[in-house]
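Data block below; observations after.
By convention here, the first residue in the shown sequence is residue 1. Quick caveat, the model's predicted, so the values are computed rather than measured.
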Amino acid sequence: MATSSSTQPRDTWGSKLGFVMAAAGSAVGLGNIWKFPYTAGESGGGAFVLIYLMFVLFIGFSVMLTEFAVGRKTGLSAVGAFKSTDRRWAFTGVIGVLSGLLIMGFYPVVGGWALAYIFKVGGGLLSTPEAIGDSFGGFISDPVQPLMWMGVYLMLNIVIVMRGISGGIEKAGKVLMPLLFVILITVAVYGMTLPGAMAGVEFLFKPDFSKVDSNVVLAALGQAFFSLSLGMGCMMTYGSYLKKKENLVQTTGMVTAMDTGVAILAGVAMFPAMFAFGMAPSAGPGLVFVVVPQLFAEMGGLIGLLLALLFFIGLTVAALTSSVSLLEVVVSYLIDEKGMKRSRAVISASVVMATLCVFASLSLGGVGPTLFGTGAFDIFDLLTDKIFLAVGGMLVCIFAGWRLSRSELEKEITNDGKVSFPLFGLWYNLVKYVIPVAIAIVAFMGIKSGFDSGKGEIMLVGIGIIALAGVFSKKL
Ligand code: PFF
């Protein structure tokens with residue numbers, strides 16, 4: 001990604017493919033390969049997947065197009081984009097920055113696991129398949145080891161964002177993302193040949209609506225936002241670097257399709273194998289770190305080892321291309337709004353993120369403070385995924401639908417009439433009326449049912465923070 005501060009002329013993306021790959025790089029990450037499979041597993045499978053796909057199609061696509069349009073129209077990153085139109089809306093950008101900080105309060109912990117697994121696989125993890133599950137449990141609850149890996153992972157982010165994003169990481173992504181895709185397909189095909197695998201395919205695609213409650217619906221909405229990098233101004237910032245002649249609708253379609261394709265593929269790679277191995281689909285956050293090594297161990301030989309290594313290298317790079325975009329949202333805020341130099345902004349943001357990550361990582365071993373009985377890792381995840389991103393997406397839609405004019409938006413999205421978008425009217429009405437109402441209902445119901453599982457209180461705290469940001473918006 002090109003980088004600039006407010007004092008320099010704004011860079012634009014060198015090529016259309018470069019932009020699509022960078023936006024897809026932000027979207028495709030741990031959300032697809034780590035979070036989607038285990039959330040689907042915990043949420044009952046097929047029905048969750050179907051609701052998720054509906055949300056991607058009707059809400060995710062429209063919100064992404066809105067973020068690209070607002071970003072390109074204003075040419076500014078999250079906070080500035082709102083502020084330049086109406087000061088009172090600045091808080092929406094600030095919530096985005098806060099989401100970036102909080103997601104980076106646990107994302108590098110998992111990124112560190114992925115990095116560690118390259119070395120664990122290389123060090124002979126696959127030779128004792130029966131110990132893979134315990135080894136993961138022991139690893140993440142250890143107080144020291146995961147912290148070291150998190151530190152190394154965060155350092156990689158710091159180096160990349162310091163140098164501007166368009167360097168090596170983009171090149172690594174261009175090679176390793178397609179490779180990861182190919183490995184996922186290989187794993188999926190291999191997994192399906194195992195005895196008993198079809199039960200996994202059925203679990204993933206045959207909806208059983210008796211397993212759906214409001215919590216599952218909110219989880220599907222949160223997953224759609226998280227996976228597509230929406231609701232926190234990230235795609236808005238990316239859009240601000242986009243050339244006026246690019247086709248926003250087509251770009252949105254390509255990024256959404258790639259992101260969703262990888263998530264589904266990750267599901268198909270994991271569930272058949274899980275069922276074949278007799279593991280419970282609700283295995284939780286360890287899923288990818290337990291199932292995938294086990295599958296490669298089963299495959300055996302040098303091929304199994306090589307594919308496992310490439311898988312975790314690919315996963316680490318996919319995570320990196322996402323987390324640098326998260327860090328960049330916070331950094332560009334500090335540069336544009338607080339007048340910091342890039343190096344200082346990167347260091348300040350990273351110190352806060354590293355501190356949050358220490359709490360998040362320790363909480364998995366049962367160490368550290370809790371809020372309403374929930375540890376730091378889960379708090380950061382719950383607040384962002386279930387509240388901030390969805391509410392952020394809702395506010396972006398309200399802003400575009402009610403604060404900007406229909407003709408301004410039409411001009412931006414159709415490049416002054418040069419690109420045809422026959423569904424403009426449908427998109428506009430979705431953004432102005434349907435999506436804000438739909439998100440409000442899903443969030444309200446989800447919070448209400450969250451109280452049964454002891455999570456409602458934390459979600460309410462999230463709503464409280466948003467309300468406070470709104471009240472103090474003039475000071476932001
Ligand atoms: N979309 C990323 C993933 O699926 O891993 C996570 C993410 C990146 C969320 C950037 C939000 C964001 F702004």
Side-chain angles (χ1 to χ4, degrees), residues 30-31 34-44 48 95 98-113 136-143 146-147 150 211 213-227 231-232 280-289 326 352-392 442-469:
L30 294 171
W34 163 71
K35 203 171 200 308
F36 174 77
Y38 90 77
T39 310
E42 284 177 339
S43 309
F48 168 89
I95 295 165
L98 198 62
S99 306
L101 269 178
L102 287 179
I103 295 178
M104 283 300 277
F106 68 91
Y107 206 94
V109 174
V110 185
W113 300 348
F136 177 76
F139 170 60
I140 64 159
S141 52
D142 185 281
L147 283 185
M150 178 277 287
K211 294 191 176 136
D213 61 13
S214 320
N215 229 330
V216 168
V217 180
L218 181 58
L221 183 70
Q223 178 63 30
F225 275 98
F226 186 88
S227 189
M232 51 164 284
S282 56
L287 199 94
V288 61
F289 295 95
L326 285 157
V352 178
M353 290 164 180
T355 312
L356 296 177
C357 280
V358 170
F359 283 107
S361 186
L362 290 178
S363 74
L364 296 175
V367 180
T370 56
L371 185 66
F372 302 112
T374 308
F377 190 101
D378 293 336
I379 295 175
F380 302 156
D381 175 39
L382 258 171
L383 276 180
T384 48
D385 181 301
K386 295 247 168 73
I387 297 298
F388 285 4
L389 298 186
V391 173
V442 172
F444 178 77
M445 305 279 286
I447 293 173
K448 214 164 135 244
S449 83
F451 281 102
D452 304 333
S453 51
K455 310 282 185 224
E457 291 86 347
I458 292 170
M459 296 189 220
L460 271 191
V461 169
I463 295 286
I465 295 173
I466 292 174
L468 277 179

Item to check | Verdict with supporting geometry, T355 and V358, side-chain contact (heavy atoms from CB on, under 4.5 Å) | outcome: CA-CA 5 Å; T355 312; V358 170; 5.8 Å; no
Next on the checklist: Pair I95, V391 - check side-chain contact (heavy atoms from CB on, under 4.5 Å), show working.
Outcome noted: CA-CA 9 Å; I95 295 165; V391 173; 5.7 Å; no
Side chains of [X] and [Y], heavy atoms from C-beta outward: is any pair under 4.5 Å?
| X | Y | answer |
| --- | --- | --- |
| M232 | I103 | yes |
| M104 | V352 | no |
| N215 | K455 | no |
| D142 | F139 | no |
| F359 | I379 | no |
| V110 | F377 | yes |
| L389 | S99 | yes |

Checklist entry - Between S361 and V109, is there a donor-acceptor pair closer than 3.5 Å when you use the side chain of the first and the backbone of the second? => result no
Next on the checklist: Could you check whether any side-chain N or O of E457 sits under 3.5 Å from a backbone N or O of G450, counting only pairs where one atom can act as donor and the other as acceptor?
Outcome noted: no
I need the minimum non-hydrogen distance between [X] and [Y], along with the two atoms involved.
| X | Y | answer |
| --- | --- | --- |
| K35 | G31 | CB-O, 3.4 Å |
| G137 | S141 | O-OG, 2.7 Å |
| D385 | Q223 | OD1-N, 4.0 Å |
| P285 | E42 | CD-OE2, 4.4 Å |
| L218 | G446 | CD2-CA, 3.8 Å |
| G454 | T374 | O-OG1, 4.4 Å |

Checklist entry - Can the ring centroids of F106 and F380 be said to lie less than 6.0 angstrom from one another? => result no
Checklist entry - For F225, which residues count as a ring-ring contact (aromatic ring centres under 6.0 Å, His included) partner, sequence neighbours excluded? => result none
Checklist entry - Can you list the residues that meet the ring-ring contact (aromatic ring centres under 6.0 Å, His included) rule with Y38, with sequence neighbours excluded? => result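 Once residues adjacent in sequence are excluded, the partners of Y38 under the ring-ring contact (aromatic ring centres under 6.0 Å, His included) criterion are W34.
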Checklist entry - Is atom CZ of F444 surrounded by more than 12 heavy atoms (other residues, nucleotides or ligands) closer than 6.0 Å? => result no
Next on the checklist: Can you tell me how the ring of F48 sits relative to the ring of F36, calling it parallel under 30°, perpendicular over 60° and tilted otherwise?
Outcome noted: tilted
Item to check | Worked check of side-chain contact (heavy atoms from CB on, under 4.5 Å) between L460 and F451 | outcome: CA-CA 10 Å; L460 271 191; F451 281 102; 3.5 Å; yes
Next on the checklist: Could you walk me through whether W113 and V288 satisfy the side-chain contact (heavy atoms from CB on, under 4.5 Å) test, starting with their C-alpha distance in whole Å, then the side-chain angles of each, then the deciding distance to 0.1 Å, before giving a yes or no?
Outcome noted: CA-CA 11 Å; W113 300 348; V288 61; over 6 Å; no
